[in-house]
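Heads up, the thing below is written out as structure tokens.
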Amino acid sequence: MSRNSALILILCAGSLSGCAADYLNHYDTVTLAAGDTQKFNSMLQTVDPLNPASRNTHIEGDGTRAALVAHNYKFPPPPPPPPAITVNVGGSGVTTP
């Protein structure tokens, strides 16, 4: 293939890709979200979609307590010792006359 024909091929491919990109920008609908009418109507009629507690910006808590929780998460306390078990072997020690 000669240099001129390669150049012509590249120019044709570039011009055709420009037309294809312009064609893809034309839609048959008004918006890209067309067809979501049921979802739109249900969201429109929702009174308040947010949790009421999400507006509370005053977070009650203690910094010392939060630091203790973080420390216990990082370094968990040792488990409690197992309970003492008493095993009696033999008779009960009570004799009957």
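For residues 60-77, there are no salt bridge (charged side-chain N to carboxylate O under 4.0 Å, His left out) pairs, not counting sequence neighbours.
Every residue was checked against the ring-ring contact (aromatic ring centres under 6.0 Å, His included) condition with Y73, not counting sequence neighbours, and none meets it.
L68 contributes atom CG, which lies 9.0 Å from atom OG1 of T64 (distance to the nearest 0.5 angstrom).
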